[in-house]
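Here's the structure, in structure tokens; my notes come after.
As a basis for the values below, the full set of heavy atoms in this structure was taken, side chains included, without hydrogen atoms, waters or symmetry mates.
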Amino acid sequence: MIDRQYHEAHTPEGKLVQRIKMARSDRDTVASALNRFYELALPFRVPISSTVSRNTQTRMEEQEDVFDDTLQACTLDFGAEMMDRFTPHYKPWANLKPTTQLGDALAKKAEGMIRDRERLIYEAIKNSDFYEQSQQAWLDLAGSKGGIIIPYSKSGNIKCTPIVMSNLLDDIGPHGQLDLRAMEFLTKKKHLQHLFPKIKMEPHLRDMGIGENQDVVVVQGNYRLYDGPFDWMFFVSIQGKVVQMKKQKGMGACAVHTLRWSDAPFSSWGPGPAMTAMPSANVLQELGYLFLKNLGKRVDPPFSYYEDGLFNPEGGIDAGMALPRDRNSGEVQWLIAEQDLDTALFEREQFRLAVKRALFQDKPDQTGKTPPTATQWIDERAMTERRLQLSRLRVYKEWVLPILDRFNHILTIRGDLPPLSIDGEIIDVSFENPITKTSDAEEVSASMQLAQAAAGIFGEAFLANTDAVKTLENWKQKSGDKLLEFKPFD
């Protein structure tokens with residue numbers, strides 16, 4: 001625990017230390033619920049604690065305490081699916097567009113330059129370790145949120161650092177938006193100069209009395225400055241002492257990014273989708289424990305017998321074994337009656353389905369022998385898309401677009417992206433929010449249902465007066481498919 005006070009409360013450094021303490025307090029209010037999520041979904045994660053120490057580290061043996069892996073498997077699938085949906089490695093996340101309306105002639109000249117700039121940004125992301133490191137944030141998103149640090153580097157591939165919930169500190173601003181966002185972590189004192197080469201550490205650490213191999217608690221991050229729309233303060237705190245505060249300006253200047261699923265009143269810690277699945281996950285955990293505990297009794301149940309000096313089952317009874325019995329010894333009495341486990345297994349499947357649905361893993365499934373209708377799966381897809389609308393805008397606004405702006409910002413400062421200039425006019429560009437509505441899938445479903453009804457009523461007359469190829473092309477476009485190709489019908 002850090003008890004020593006290095007700054008007066010009224011100074012900028014003192015106010016920052018208080019904000020960090022309040023962010024820890026806010027995180028502590030949800031620690032119990034999120035640690036339970038960690039236990040069942042991500043048992044290898046370091047639990048959330050009010051202090052950071054080596055004693056809070058987890059072991060691989062934690063996995064042995066999980067008796068049902070439904071939530072764990074669904075969390076892994078959820079993270080992979082959301083990452084592929086919002087930040088796929090094989091296609092652009094969003095398109096670069098001019099911030100102002102351009103004339104036709106100027107827009108035509110700028111189009112190629114903008115596409116080249118966009119390509120260079122996505123190449124820089126692929127060459128960095130962003131995709132490997134951001135996986136951790138997507139997994140923690142199932143519980144509440146995660147984060148990532150994308151630091152500036154003068155040259156070479158950009159290196160990113162993931163932030164899991166147990167290391168994340170943040171708070172909300174006056175309008176409910178994220179403000180301070182930081183990573184709290186443990187490291188050796190001897191590593192500080194390598195982590196922060198631009199900071200002269202010795203003058204700051206001289207009076208702390210800490211050995212080179214001792215652990216120190218570091219908090220680094222950004223908070224908003226409301227002088228301008230893109231003004232930030234970068235800070236580094238060590239053992240409660242602020243050793244750097246540096247103003248940064250420009251779209252993409254913030255190095256720390258937080259991925260949230262939802263918000264909450266007066267807190268930055270909103271519930272993730274897995275929180276609605278926790279009651280079912282807890283029941284499954286208990287059922288898995290009880291099922292395993294009683295399975296041995298069911299397979300090899302205990303029993304009582306009359307002691308007659310001949311029958312001795314203590315060494316076990318083999319299949320087909322002939323046992324001598326006294327004629328007056330009586331019958332074997334089983335201590336556990338026959339039990340029907342089918343009902344319990346059915347109930348477990350219902351709970352598993354609830355967990356899958358909460359994490360959007362309830363894929364269309366043909367549960368019976370009747371084949372699905374032509375619109376069944378697209379209807380279920382549209383329902384999933386509607387549920388995702390609750391958080392889709394937040395993910396783009398607080399994660400996808402700021403990260404693209406961050407890479408754009410770094411590459412521009414390094415000179416890897418020259419300014420867009422045409423006939424002496426500088427063209428400002430930014431990434432356009434690609435959020436779409438579920439109406440496309442719903443339109444396809446409604447059109448299919450209408451076609452089915454019309455074919456059933458009018459038969460050949462309807463088919464003869466319908467342009468099948470054009471209709472299929474419309475469905476293909478609305479569905480976003482780029483692989484299926486049609487040729488004229490005979």
Check [X] against [Y] and note the closest heavy-atom contact, atom names and distance.
{"X": "S166", "Y": "P47", "value": "CB-O, 3.7 Å"}
{"X": "P271", "Y": "D263", "value": "CD-O, 4.1 Å"}
{"X": "P273", "Y": "L359", "value": "CG-CD2, 3.9 Å"}
{"X": "E39", "Y": "P43", "value": "O-CB, 3.7 Å"}
{"X": "D140", "Y": "G146", "value": "CB-CA, 4.3 Å"}
{"X": "A358", "Y": "A277", "value": "CB-CB, 3.6 Å"}

Are [X] and [Y] close enough that some pair of their side-chain heavy atoms sits under 4.5 Å apart?
{"X": "R45", "Y": "L139", "answer": "yes"}
{"X": "W269", "Y": "L34", "answer": "yes"}
{"X": "T75", "Y": "L42", "answer": "yes"}
{"X": "K189", "Y": "M208", "answer": "no"}
{"X": "E398", "Y": "L259", "answer": "no"}
{"X": "F185", "Y": "T161", "answer": "no"}
{"X": "S128", "Y": "F407", "answer": "yes"}
{"X": "T87", "Y": "W399", "answer": "yes"}

Whether the side chain of [X] engages the backbone of [Y] through a donor-acceptor N/O pair (distance < 3.5 Å, no angle test) should be reported.
{"X": "Q72", "Y": "D69", "value": "no"}
{"X": "K145", "Y": "L168", "value": "no"}
{"X": "Q285", "Y": "F67", "value": "yes"}
{"X": "S280", "Y": "A354", "value": "no"}
{"X": "N167", "Y": "M183", "value": "no"}
{"X": "D26", "Y": "M22", "value": "no"}
{"X": "R27", "Y": "D170", "value": "no"}
{"X": "Q193", "Y": "I199", "value": "yes"}
{"X": "H7", "Y": "V17", "value": "no"}
{"X": "Q361", "Y": "V355", "value": "no"}

Just do the side-chain contact (heavy atoms from CB on, under 4.5 Å) check on W138 and D84 with the steps written out, would you? CA-CA 10 Å; W138 288 109; D84 184 72; over 6 Å; no

For atom [atom1] of [X], decide whether the heavy atoms of other residues, nucleotides or ligands shown that lie under 6.0 angstrom number more than 12.
{"X": "K397", "atom1": "NZ", "result": "no"}
{"X": "R36", "atom1": "CZ", "result": "yes"}
{"X": "H191", "atom1": "NE2", "result": "yes"}
{"X": "Y226", "atom1": "OH", "result": "yes"}

Mind checking the [atom1]-[atom2] spacing from [X] to [Y]? Nearest 0.5 Å is all I need.
{"X": "F86", "Y": "S391", "atom1": "CZ", "atom2": "OG", "value": "8.0 Å"}
{"X": "W261", "Y": "R392", "atom1": "CH2", "atom2": "CZ", "value": "9.0 Å"}
{"X": "L16", "Y": "S237", "atom1": "CG", "atom2": "OG", "value": "6.5 Å"}
{"X": "R406", "Y": "Y152", "atom1": "CZ", "atom2": "OH", "value": "9.5 Å"}
{"X": "L141", "Y": "T258", "atom1": "CG", "atom2": "OG1", "value": "11.5 Å"}
{"X": "K159", "Y": "I150", "atom1": "NZ", "atom2": "CD1", "value": "13.5 Å"}

Between K188 and D215 (salt bridge meaning N to carboxylate O under 4.0 Å), is one present in this structure? yes

Yes or no on side-chain contact (heavy atoms from CB on, under 4.5 Å) for M165 and V30, after CA distance, side-chain angles and deciding distance? CA-CA 11 Å; M165 290 188 290; V30 296; over 6 Å; no

Just jot down the ring-ring contact (aromatic ring centres under 6.0 Å, His included) partners of F130, sequence neighbours excluded, or say none. W93

With sequence neighbours left out, write down each residue that passes ring-ring contact (aromatic ring centres under 6.0 Å, His included) with Y131, or none if nothing qualifies. none

List the steps and the verdict of side-chain contact (heavy atoms from CB on, under 4.5 Å) for L404 and N408. CA-CA 6 Å; L404 289 173; N408 184 24; over 6 Å; no

Is it true that the side chains of Q244 and Q220 contain a donor and an acceptor less than 3.5 Å apart? no

Between Y289 and D68: side-chain donor-acceptor atoms closer than 3.5 Å: no

Go through the steps to decide whether E349 and R352 satisfy the test salt bridge (Lys or Arg N to Asp or Glu O under 4.0 Å), and finish with yes or no. CA-CA 5 Å; E349 288 305 314; R352 283 173 176 155; 2.9 Å; yes

Can you list the steps and then say if L186 with V217 is a side-chain contact (heavy atoms from CB on, under 4.5 Å)? CA-CA 5 Å; L186 205 65; V217 178; 3.7 Å; yes

Taking side chain to side chain contact (heavy atoms under 4.5 Å, CB included) as the test, write out the residues that go with M233, two or more places apart. Y223, L225, M245, K247

